[in-house]
Amino acid sequence: MLRIITQRAEAQAELRRICDRTHDDQVLHKEATVREVLQAVKRQGDRSLLHYTAEFDGQSLKPEDLRVSGSELDAAYQQVSKELLDAIILAKQNIEAFHRQRVPKSWVQFGDDEVVLGKRYTPVDRAGLYVPGGRAAYPSTVLMNAIPAQVAGVPRIVICTPPGPEKTVNPAVLVAAQEAGIEEIYRVGGAQAIAALAYGTETIPKVDVITGPGNIYVTLAKKQVFGTVGIDSLAGPSEVLIIADSQGNPAHIATDLLAQAEHDPLAAAILITTDAQIARKVVAQVEDQLIDHPRRTLTEKAIAHYGVVIVVDSLQIAAELSNEFAPEHLELEVSDPWDLLESIRHAGAIFLGNSTPEAVGDYLAGPNHTLPTSGSARYASALGVETFMKHSSLIQYSPKALQKVAGAIDVLTKAEGLPSHGDSVRKRVQDGL
């Protein structure tokens, strides 16, 4: 099932193939479909939302069905266990505490000659959060997107999520949303939901920023509306890369690989180890744990196509291969993870030590689980408070300060052939302002 690779060149080629797994010819066809959906919703609003919800989700809605009602929100609390509610509240507290440490601070600096420079951070007016449905319900995704937006101070936050059977929305999702302070929730998913958030409809407001993961259609829709609105990232299928030495536990490593693979048939599960015996034991453990796995079919597909075990001569080589791949999730299951961390340059989230599985970060440690994928950790970061804020530069010059730099500005404006730029400074200096 899991292949074992021992040659570095072959390993590099395989990691490149896995990283590029969503760049296929089918994407072109899907892009055309998404473009059609976006334009239809932009032109026809709610009418198109209802049409595509019936076509893609098999749910026949009326305009008044789009927004989840107050009675549904209230009823959701009766449909979740006390244990689940307690877990949601604990996760919320940890995520909020972490993100409150990340709020950018406005600042002003007073320099010589009464020059004042600074930055002023303000939240966007409206944020739209996409919460996927389909194969599973994701209350954790609600918390990870909603809480940073709340901490940023966004005045209006709305959620779009696909309707389930009988037009329902998973009660755990509704409870998580309310615990995060959001009650404006719409039962619409897919590219049509992204279109509604980007352009607005009769029912759903136009927002300034759209965040949250989804399937390939959601991702392509976010890509196409970027520029009309801001987005968090173009999240691809999920991935984990585990680096393990001889101290790694094969059963635990196998479980962590399967925990990633069970997300999606395109999910990637990669182990790089310095111990050939660990490699063989992990392969055996994966096969054993798959026997009675509730999501065996899709998990097996992911493992077969995008799972690999790579045996290397040193942890340094393992780190180099990991940096080339730039994984969304990186687990360092080694005897001294903090030492190895010094060699890691690119990863969305890093889990240190044998007692820190990725699931801790997925649910309630505090750091965000909306992370860069498909190699984008080379230049991108996790979703955070900053995603929902922007900054304005502050500049104030006194007459004396302007006079001091007038000559340099004049030279630069002449070099660029922009005479009125130069005049705007020169006239003020000449007038003695």
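Starting from 1, each residue takes its place in the sequence as its number. In this text the structure is predicted, and so the values were computed from the model without any measurement.
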Original post:
Side chains of L50 and P63: does their closest heavy-atom pair fall under 4.5 Å?
Top reply: yes

Subject >> Which atom of L371 lies closest to which atom of G348, heavy atoms considered >> reply: CD2-O, 3.6 Å

Original post:
For K167, does the NZ atom have more than 12 heavy-atom neighbours from other residues, nucleotides or ligands under 6.0 Å away?
Top reply: yes

Original post:
Nearest heavy-atom pair of D125 and V154: which atoms, and what distance?
Top reply: O-CG1, 3.9 Å

Original post:
Does any non-hydrogen side-chain atom of V385 lie less than 4.5 Å from one of P104?
Top reply: yes

**OP:** In sequence, state the C-alpha distance, the side-chain angles, and the governing distance for E31 and K223, and then conclude on side chain to side chain contact (heavy atoms under 4.5 Å, CB included).
**Re:** CA-CA 10 Å; E31 284 180 339; K223 181 179 180 181; 4.0 Å; yes

**OP:** Give a yes or no on whether H346 atom NE2 has more than 12 heavy-atom contacts from other residues, nucleotides or ligands under 6.0 Å away.
**Re:** yes

Original post:
Quick check: does any side chain N or O of E10 sit under 3.5 Å from a backbone N or O of I5, one acting as donor and the other as acceptor?
Top reply: no

Subject >> Option from V169, I185, V142 for which side chain to side chain contact (heavy atoms under 4.5 Å, CB included) with V131 holds >> reply: V142

**OP:** Might you point out which heavy atoms bring Q178 and A76 nearest each other, and give the distance in Å?
**Re:** NE2-CB, 4.5 Å

Original post:
Is a side-chain donor-acceptor pair under 3.5 Å present for S238 with Q260?
Top reply: yes

Original post:
So, E416 side chain and L412 main chain: donor-acceptor pair closer than 3.5 Å or not?
Top reply: no

**OP:** Using atom types as modelled and distance alone, determine if a side-chain donor or acceptor of T219 lies under 3.5 Å from a backbone N or O of A235.
**Re:** yes

Subject >> Distance-only donor-acceptor check, side chains T201 and D46, under 3.5 Å >> reply: yes

Original post:
Does CD belonging to Q79 count more than 12 external heavy atoms closer than 6.0 Å?
Top reply: yes

Original post:
How about Q289 and T255: does a side-chain donor come under 3.5 Å of a side-chain acceptor?
Top reply: yes

Subject >> Donor-acceptor contact below 3.5 Å, side chain E183 vs main chain A177 >> reply: no

Original post:
Going by distance alone, is a donor N or O of one side chain under 3.5 Å from an acceptor N or O of the other, for S71 and S69?
Top reply: yes

Original post:
Between D86 and K82, does at least one N-O distance fall below 4.0 Å, as a salt bridge requires?
Top reply: yes

Original post:
Around R8, counting heavy atoms of other residues, nucleotides and ligands shown, do more than 12 lie under 6.0 Å from its CZ?
Top reply: yes

Subject >> Expected output: side-chain D57 to main-chain Q59 donor-acceptor under 3.5 Å >> reply: no

Subject >> Heavy-atom pair with the smallest gap, counting every atom of S335 and D245 >> reply: N-OD2, 2.9 Å

Subject >> Derivation and outcome, side chain to side chain contact (heavy atoms under 4.5 Å, CB included), residues Q277 and K281 >> reply: CA-CA 6 Å; Q277 187 175 8; K281 288 181 177 180; 3.5 Å; yes

Original post:
Is the shortest heavy-atom distance from the side chain of P132 to the side chain of N215 under 4.5 Å?
Top reply: no

Subject >> K42 side-chain N/O to V37 backbone N/O, donor-acceptor pair under 3.5 Å >> reply: no

**OP:** Indicate the ring-plane relationship of H329 and F351, choosing parallel, tilted or perpendicular according to the 30° and 60° boundaries.
**Re:** tilted

Subject >> Student check: side-chain heavy atoms of V124 and V207 closer than 4.5 Å >> reply: no

Original post:
Does CZ belonging to R296 count more than 12 external heavy atoms closer than 6.0 Å?
Top reply: yes

Original post:
So, N145 and T211: side-chain donor and acceptor under 3.5 Å apart, yes or no?
Top reply: yes

Original post:
Is any side-chain heavy atom of I243 less than 4.5 Å from a side-chain heavy atom of L340?
Top reply: yes

**OP:** Please round to the nearest 0.5 Å and tell me the distance separating atom CZ of R47 and atom OH of Y52.
**Re:** 10.5 Å

Original post:
Distance only, no hydrogens: is a donor on one side chain within 3.5 Å (strictly under) of an acceptor on the other, for E331 and T356?
Top reply: no

**OP:** Report the distance from atom CG of L197 to atom OH of Y130, rounding to the nearest 0.5 Å.
**Re:** 10.0 Å

Original post:
Between the side chains of S393 and K119, is a donor N or O closer than 3.5 angstrom to an acceptor N or O?
Top reply: no

Original post:
Are Y306 and E14 close enough that a side-chain donor and a side-chain acceptor fall under 3.5 Å?
Top reply: no

Subject >> Point-to-point distance, once rounded to the nearest 0.5 Å, from CZ of F98 to CZ of R100 >> reply: 14.0 Å

Original post:
If you measure from CD on E64 to CG on L61, what distance do you get to the nearest 0.5 Å?
Top reply: 9.5 Å

Original post:
Which distance, rounded to the nearest 0.5 Å, do you find between the CG of N249 and the CD1 of I253?
Top reply: 7.0 Å

Original post:
Roughly how far apart are I344 CD1 and S322 OG, rounded to 0.5 Å?
Top reply: 4.5 Å

Subject >> Non-hydrogen atoms of V173 and Y138 that approach each other most closely >> reply: CG2-N, 4.0 Å

**OP:** Look at atom NZ of K206 and say whether more than 12 heavy atoms of other residues, nucleotides or ligands are closer to it than 6.0 Å.
**Re:** yes

Original post:
Does the side chain to side chain donor-acceptor pair (under 3.5 Å) test come out yes or no for E239 and T373, once each step is laid out?
Top reply: CA-CA 7 Å; E239 59 206 24; T373 61; 5.5 Å; no

Subject >> More than 12 heavy atoms from other groups under 6.0 Å of CZ on F56 >> reply: yes

Original post:
Is there a donor-acceptor contact under 3.5 Å from the side chain of R187 to the main chain of C160?
Top reply: no

Original post:
Is D339 reaching over with its side chain to a backbone N or O of D336, donor-acceptor style, under 3.5 angstrom?
Top reply: no

Original post:
Looking at S140 and Y363, what are the two nearest heavy atoms and their distance?
Top reply: CB-CD2, 3.8 Å

Original post:
Given L352 and W338, is the side chain to side chain contact (heavy atoms under 4.5 Å, CB included) satisfied, shown in steps?
Top reply: CA-CA 7 Å; L352 295 102; W338 288 96; 3.8 Å; yes

Original post:
Looking only at atom types and distance, does a side-chain atom of D208 sit under 3.5 Å from a main-chain N or O of R126, one as donor and one as acceptor?
Top reply: yes

Subject >> NE2/H421: more than 12 non-hydrogen atoms of other groups inside 6.0 Å >> reply: no

Original post:
Are side-chain heavy atoms of P327 and I270 found at a separation under 4.5 Å?
Top reply: no

**OP:** Would you check if I272 and L241 make a side-chain contact, meaning some heavy-atom pair closer than 4.5 Å?
**Re:** yes

Subject >> Heavy-atom donor-acceptor pair, N170 side chain to A137 backbone, under 3.5 Å >> reply: no

Subject >> L117 and V108, any side-chain heavy atoms less than 4.5 Å apart >> reply: no

Original post:
Does a donor on one side chain sit under 3.5 Å from an acceptor on the other, for D275 and T273?
Top reply: no

**OP:** Assess whether side chain to side chain contact (heavy atoms under 4.5 Å, CB included) is satisfied between I231 and V209, documenting all intermediate values.
**Re:** CA-CA 5 Å; I231 63 171; V209 171; over 6 Å; no

Subject >> Test side chain to side chain donor-acceptor pair (under 3.5 Å) applied to Y77 and E179, step by step >> reply: CA-CA 10 Å; Y77 277 91; E179 289 299 317; 2.7 Å; yes

